[in-house]
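My questions will all concern the structure given below.
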Amino acid sequence: MKNVNFISLILGFASLATACKSGINSQTKTPLSVNSLLDTRYKMLLDYPVDSMSMPRSMNIKTNEIRKVPSKDWTSGFFAGNLWQLYRLTGDSKYKEQAEKWTPFSKKESVNKNSHDVGFKVFCSFGEALKVENKKEYEAVIVKGAETLCKRFDPKVGSIRSWDFNKEIWDYPVIIDNMMNLELLFEASKISGNPKYRNVAIQHANTTLKNQFRDDNSCYHVIDYDPKTGNVRKKTTLQGYNDDSVWARGQAWAVYGFTMAYRYTKDEAYIKQAEATALFFMANKNLPEDGIPYWDFKDPSIPNSARDVSAAMVMASALYELYGYTKKENYLAFANKMMTSVQSKNYILDANIKAPFLFDHSTGNWPKHDEIDEPIIYADYYFLEALLRKSKIDAK
């Protein structure tokens, strides 16, 4: 889809007037309109030098240093995905040409059995490419990636293992983020006709559904299992404030993941959980007025806490799909609210900042003091995906 008229409409949203309490200030040094500012930022993606070892992940605004990663990093597929999505949004062939240069860099990750994030790395690049060009070579990489990811599945636990590190802390960790990698498996079954990948995805989703959520429908970040029995050892976190806190991006992963799983299975239990966690997020007393969450809903320093635009954009994209299945206007309205909020000079990077990113104010890993309140590539990816999803809704 190449909806140029839509992008002009979307980018013309009015910015919110409400000031953010977490120190987010309007960037007033540029006279550009929001529309022109985003267009300027889009073009910066074209100017970023092609380098297989320098995929852009995030940026330190204070030092202007771009954090560059190789393909083994879990974020490596997002930049190629951003270029493919911009091509679909604008119809400008320059984005497609650049996407074709960046996408092959993720191919070797389709055989990297040491990572649970094969889906992020392969499907966010090759999966986006396949939406533009129906090439057998793209399909082959996706199926190979699914086969590799299945090697991390343990039928006793009923889940795909997440990390291999910190073995002194946990035995078989499974994180809520892993729901996002299931799309690779579902698509691989569609491409190949092999039900194996779909079956693994369903078993993983069912185990997550059983063990990952609290009574209030928020979710834990990490569930650690005993691989000998399949029983839960402990419910904990790595990226939240503490074990009982509510990591904002984790809630967004959950809503997105179970909405996506419903797309492929039509299992009502999946969409029921997606709706319940979405409502928890939307009605949370600690959610700022503009809908862009603090990095953790239980951070005691709120309202003087870092925001996470990436969590908002994952949630916005998920809510557009959720609205498509439920036709409940509150999901559409809330997604629109978050999209309006970020399309303002409170969040868009200033035109003077030369970097291949769109937005400021995301938070990567607060407990490790890593990527705090700065541009992060996956915030841009899910924003662009949300634009594409909204365009389909508007076209009906």
Practice prompt. Check whether the ring centres of Trp102 and Tyr48 lie less than 6.0 Å apart, and answer yes or no.
Written response: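 Yes, close enough.
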
Worksheet item: Using 4.0 Å as the upper bound for N to carboxylate O, is an ion pair formed by Asp394 and Lys390?
Response: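 Salt bridge: yes.
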
Discussion item. Does this structure show an ion pair linking Asp226 with Arg233, if we count only N-O contacts that are shorter than 4.0 Å?
Written reply: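 A salt bridge is absent here (no side-chain N lies under 4.0 Å from a carboxylate O).
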
Worksheet entry | Any side-chain donor near an acceptor of the partner, Asp299 and Ser305, under 3.5 Å |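 The criterion, which ignores hydrogens and geometry beyond distance, is satisfied for Ser305 and Asp299.
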
Worksheet item: Between Trp366 and Tyr241, is the gap from one ring center to the other below 6.0 Å?
Response: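 For Trp366 and Tyr241, the ring centres are under 6.0 Å apart.
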
Worksheet entry | Close side-chain approach of Glu128 and Tyr381, heavy atoms under 4.5 Å |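 Answer yes - side chains close enough.
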
Worksheet item: Asn217 and Thr277: side-chain donor and acceptor closer than 3.5 Å?
Response: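 The criterion, which ignores hydrogens and geometry beyond distance, is not satisfied for Thr277 and Asn217.
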
Practice prompt. Assess Lys107 against Phe105: is NZ or CZ under 6.0 Å from the centre of the six-membered ring, and within 45 degrees of the ring's axis?
Written response: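 Output no; distance or angle outside limits.
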
Fill in: Side chains of Glu275 and Thr326 in contact at under 4.5 Å (non-hydrogen atoms)
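Yes; the side chains approach each other to less than 4.5 Å.
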
Discussion item. Strictly below 4.0 Å, N to O, side chains only: are Glu374 and Lys62 in salt-bridge contact?
Written reply: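 Between Lys62 and Glu374 there is no salt bridge, as every charged N stays at least 4.0 Å from the carboxylate O atoms.
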
Discussion item. Tell me whether Asp51 is salt-bridged to Lys101, with the criterion being a basic N under 4.0 Å from an acidic carboxylate O.
Written reply: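 Between Lys101 and Asp51 there is no salt bridge, as every charged N stays at least 4.0 Å from the carboxylate O atoms.
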
Item to complete: Write down the atom of Val122, the atom of Ile142, and the distance for their closest heavy-atom approach.
Response: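 So the two residues come closest at CG1-CA, 4.2 Å.
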
Worksheet item: Between Asp117 and Lys72, is the closest basic N to carboxylate O distance under 4.0 Å?
Response: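 Salt bridge: no.
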
Practice prompt. State the OG-CD1 distance between Ser310 and Ile376, to the nearest 0.5 angstrom.
Written response: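 Going from the OG atom of Ser310 to the CD1 atom of Ile376 covers 5.5 Å.
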
Item to complete: Would you mind checking if Asp164 and Arg161 are paired as a salt bridge, meaning a charged N to carboxylate O distance below 4.0 Å?
Response: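 Looking at Asp164 together with Arg161, the answer is yes, because their closest N to O distance falls below 4.0 Å.
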
Item to complete: Go through the side-chain N and O atoms of Tyr87 and Glu100 and say whether any donor and acceptor fall under 3.5 Å apart.
Response: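 Side chains of Tyr87 and Glu100: no pair found under 3.5 Å.
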
Item to complete: Looking only at non-hydrogen atoms, find the nearest pair between Gln239 and His221 and report the distance.
Response: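 Of all heavy-atom pairs spanning Gln239 and His221, the closest is N-ND1, 3.3 Å.
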
Worksheet item: Taking NZ, NE, NH1 and NH2 as the nitrogens, is one of them in Glu147 or Lys144 under 4.0 Å from a carboxylate oxygen of the other?
Response: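 Result for this pair is no, no salt bridge flagged.
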
Worksheet item: Taking the six-membered ring for Trp, is the centroid-to-centroid distance between Phe213 and Phe258 below 6.0 Å?
Response: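 Yes, close enough.
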
Item to complete: Grab the two heavy atoms, one from Ile202 and one from Tyr270, that are nearest each other, plus how far apart they are.
Response: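 Shortest heavy-atom contact: O-OH, 3.5 Å.
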
Fill in: Check ion pair Glu187-Lys190 (N to O, under 4.0 angstrom)
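Lys190 and Glu187: salt-bridged.
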
